[in-house]
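Report on the structure given below.
Counting from 1, the numbers follow the sequence of the chain as shown.
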Amino acid sequence: MIEYKKFIFLDVYKTGSTHINYLLKQIALEPEIRRNRHASVTKVHPFTWKRGKMVFATVRNPWDWYVSMWSYGNTKENPLYEHIKKAVSKKELRALYDMTEPKASFPLWLRSIHDPAFLGRVLKGHRLPASGLADFMGFYTYRFQRVTLPYPELLQRWPFIRSLDDAISLQKRWAMYDVLMKSETLDQEFAEFVVKYRDRCGFKADAADLVNAKAEEHRNTSVRTLASYRDYYTDELRDLVGRRDRLFIDLFGYAF
């Protein structure tokens with residue numbers, strides 16, 4: 001979470017959060033108060049929660065999210081990559097992140113991070129392998145819930161979540177955001193957001209102009225060799241994500 005005087009941005013990893021973070025520094029009238037990247041509101045405010053502030057977040061097509069996460073690889077700081085690097089051999093790491101062979105490497109990586117045994121090996125001491133959720137929940141769903149739900153350390157585990165339906169119910173009931181914007185239309189949605197909530201959030205008078213001016217510079221920083229995220233998938237892999245990350249399909253209308 002990134003907190004300002006009048007609002008809180010829940011910065012979900014790989015959903016345009018870096019771009020929004022940059023824009024907020026340009027358009028907010030008051031300086032940032034605090035940040036705890038990719039964390040829930042209750043990590044900082046366990047008792048007062050939102051404190052009456054506007055809270056917003058971003059979301060992304062799950063199939064595209066995984067391609068971006070893999071393509072990002074070791075190009076910049078990437079916590080998942082660093083965990084994997086420490087846990088596997090150099091040969092296995094090269095096979096998992098071979099950008100020159102995306103149709104072989106990406107499927108291996110995607111199956112691996114949906115494999116509870118693999119996650120237990122590379123994320124030792126972390127909550128996901130010990131939560132009891134890795135058997136049915138996708139990595140992106142877990143990361144999204146961890147940022148957008150209150151008390152994820154408590155709720156993001158068995159027996160509070162015993163199926164994806166339970167996860168979806170928790171998201172419907174307890175999601176901390178007031179506004180959710182899609183990464184695919186983020187420039188337009190955020191420009192509309194700053195106009196609608198300019199006074200409530202404390203944005204500059206020309207905030208929308210600044211957002212629109214930077215829209216052309218908004219680019220995905222991951223490196224891709226195939227034309228579309230769809231090109232990275234077989235039918236089997238498409239169904240794997242569709243099954244384990246169904247939350248984004250059911251709640252936000254995403255489709256392959």
With D245 as reference, evaluate W63, Y254, Y142, Y66 under the side chain to side chain donor-acceptor pair (under 3.5 Å) test and give the passing residue. Y66
When you measure from the side chain of N61 to the backbone of A255, do you find a donor-acceptor pair of N or O atoms at a distance under 3.5 Å? yes
Cationic tip of K103 within the cone over Y232's six-membered ring, i.e. under 6.0 Å and within 45° of the normal? no
Side-chain heavy atoms of R157 within contact of R127, under 4.5 Å: no
Is R173 atom CZ crowded by more than 12 heavy atoms from other residues, nucleotides or ligands, each under 6.0 Å away? no
Validation row: N21, R37 side chains within 4.5 angstrom (heavy atoms): yes
Going by the angle between their ring planes, with limits at 30° and 60°, are F256 and Y229 parallel, tilted or perpendicular? perpendicular
Taking all non-hydrogen atoms of both residues, which atom of F118 and which atom of I113 are closest, and how far apart? CD2-N, 4.2 Å
Consider only side-chain heavy atoms of I, L, V, M, F, W and Y, link residues closer than 4.5 Å, and tell whether I33 and F7 are in one cluster. no
Pair I8-W49, side chain to side chain contact (heavy atoms under 4.5 Å, CB included): steps then yes or no: CA-CA 11 Å; I8 295 172; W49 289 34; over 6 Å; no
When clusters are formed by joining ILVMFWY residues with side-chain heavy atoms under 4.5 Å apart, either directly or through shared neighbours, do F193 and L29 land in the same one? no
Sub-4.5 Å side-chain heavy-atom contact between P129 and V122: no
Is a side-chain N or O of S68 found less than 3.5 angstrom from the main chain of D64, in a donor-acceptor match? no
Tell me if a side-chain donor or acceptor on D231 pairs with a main-chain N or O of S228 at a distance below 3.5 Å. yes
All N/O donor-acceptor pairs, side-chain side in residues 143-150, below 3.5 Å, sequence neighbours left out:
unit_1 : atom_1 : unit_2 : atom_2 : d
Q145   : OE1    : Q171   : NE2    : 2.3
Q145   : NE2    : A167   : O      : 3.1
T148   : OG1    : F144   : O      : 2.8
T148   : OG1    : Q171   : NE2    : 3.2

Heavy-atom closest contact (T42 atom, P152 atom, distance): OG1-CD, 4.0 Å
What's the separation between atom CG in D250 and atom CG in D165, rounded to the nearest 0.5 Å? 7.5 Å
Looking only at heavy atoms, which two atoms of P116 and A134 are closest? And how far apart? CG-O, 3.5 Å
Please examine the side chains of Y140 and R60, heavy atoms only from C-beta on, and report whether any two atoms are closer than 4.5 Å. yes
Keeping K6 on the side-chain end and F203 on the backbone end, is there a donor-acceptor pair under 3.5 Å? no
Look up atom CD in E189 and atom NZ in K196, then write down how far apart they are to the nearest 0.5 Å. 11.5 Å
Report yes or no: does W70 contribute a side-chain atom to a donor-acceptor pair with the main-chain N or O of L96 at less than 3.5 Å? yes
Distance (rounded to the nearest 0.5 Å) between W109 CH2 and Y97 OH: 6.0 Å
Residue among L180, L10, L186 satisfying side chain to side chain contact (heavy atoms under 4.5 Å, CB included) with T58: L186
Salt bridge (Lys or Arg N to Asp or Glu O under 4.0 Å) between E3 and R51: does it pass, once the steps are laid out? CA-CA 11 Å; E3 184 175 7; R51 307 172 73 193; 3.6 Å; yes
When you measure from the side chain of T15 to the backbone of S183, do you find a donor-acceptor pair of N or O atoms at a distance under 3.5 Å? no
Between the main-chain N or O of L237 and the side-chain N or O of T234, is there a donor-acceptor pair closer than 3.5 Å? yes
ILVMFWY cluster, Y22 and I20 together (side-chain gap under 4.5 Å): yes
Using the side chain to side chain contact (heavy atoms under 4.5 Å, CB included) rule, take L80 and I84 through it: C-alpha gap first, then chi angles, then the decisive distance, then the call. CA-CA 6 Å; L80 178 61; I84 294 175; 4.0 Å; yes
H38 side chain reached by P79 side chain, heavy atoms, under 4.5 Å: no
Do you know which two heavy atoms are closest between C201 and M54, and how far apart they sit? SG-CG, 3.7 Å
Checking R121 against V88 for the side chain to side chain contact (heavy atoms under 4.5 Å, CB included) test, could you report, in this order, the C-alpha distance in whole Å, the side-chain angles of both residues, the deciding distance, and whether it holds? CA-CA 9 Å; R121 180 158 64 102; V88 305; 3.7 Å; yes
Quick one: does V241's side chain get under 4.5 Å of Y233's, heavy atoms only? yes
For the side chain of R243 and the backbone of M137, is there at least one donor-acceptor N/O pair under 3.5 Å apart? no
Considering only heavy atoms from C-beta outward, does the side chain of K53 approach that of V41 to under 4.5 Å? no
Parallel, tilted or perpendicular: which one describes the rings of F248 and F252, with boundaries at 30° and 60°? tilted
Should we count NZ of K50 as having more than 12 external heavy atoms under 6.0 Å? yes
Nearest heavy-atom contact between I161 and S163 is CG2-O, 3.4 Å
Evaluate E101 against D98 for side chain to side chain contact (heavy atoms under 4.5 Å, CB included), listing each step before the verdict. CA-CA 6 Å; E101 296 289 346; D98 186 351; 3.6 Å; yes
Calculate, to the nearest 0.5 Å, the distance between atoms CD1 and CG belonging to I27 and L210 respectively. 7.5 Å
Answer whether the closest heavy-atom distance between the side chains of H83 and H126 falls below 4.5 Å. yes
Check this for me: K85, atom NZ, are more than 12 non-hydrogen atoms of other residues, nucleotides or ligands nearer than 6.0 Å? no
L155, L251: one ILVMFWY side-chain cluster at the under-4.5 Å cut-off? yes
Quick one: CD on E92 to OG on S112, what's the gap to the nearest 0.5 Å? 7.0 Å
Anything under 30° is parallel, anything over 60° is perpendicular, the rest tilted; go ahead and classify F56 against F9. parallel
With distance as the sole test, does T185 use its side chain to make a donor-acceptor pair with the main-chain N or O of Q188 at under 3.5 Å? no
Over all atoms of both residues, closest heavy-atom pair of A191 and A208: O-CB, 4.2 Å
Mind checking the CG-CD spacing from L110 to E236? Nearest 0.5 Å is all I need. 9.0 Å
Ring of W158, cation from R162 - is the NZ or CZ under 6.0 Å from the centre and inside 45° of the axis? yes
Under a 3.5 Å distance rule, please check whether D11 uses its side chain to pair with a backbone N or O of S17 as donor and acceptor. no
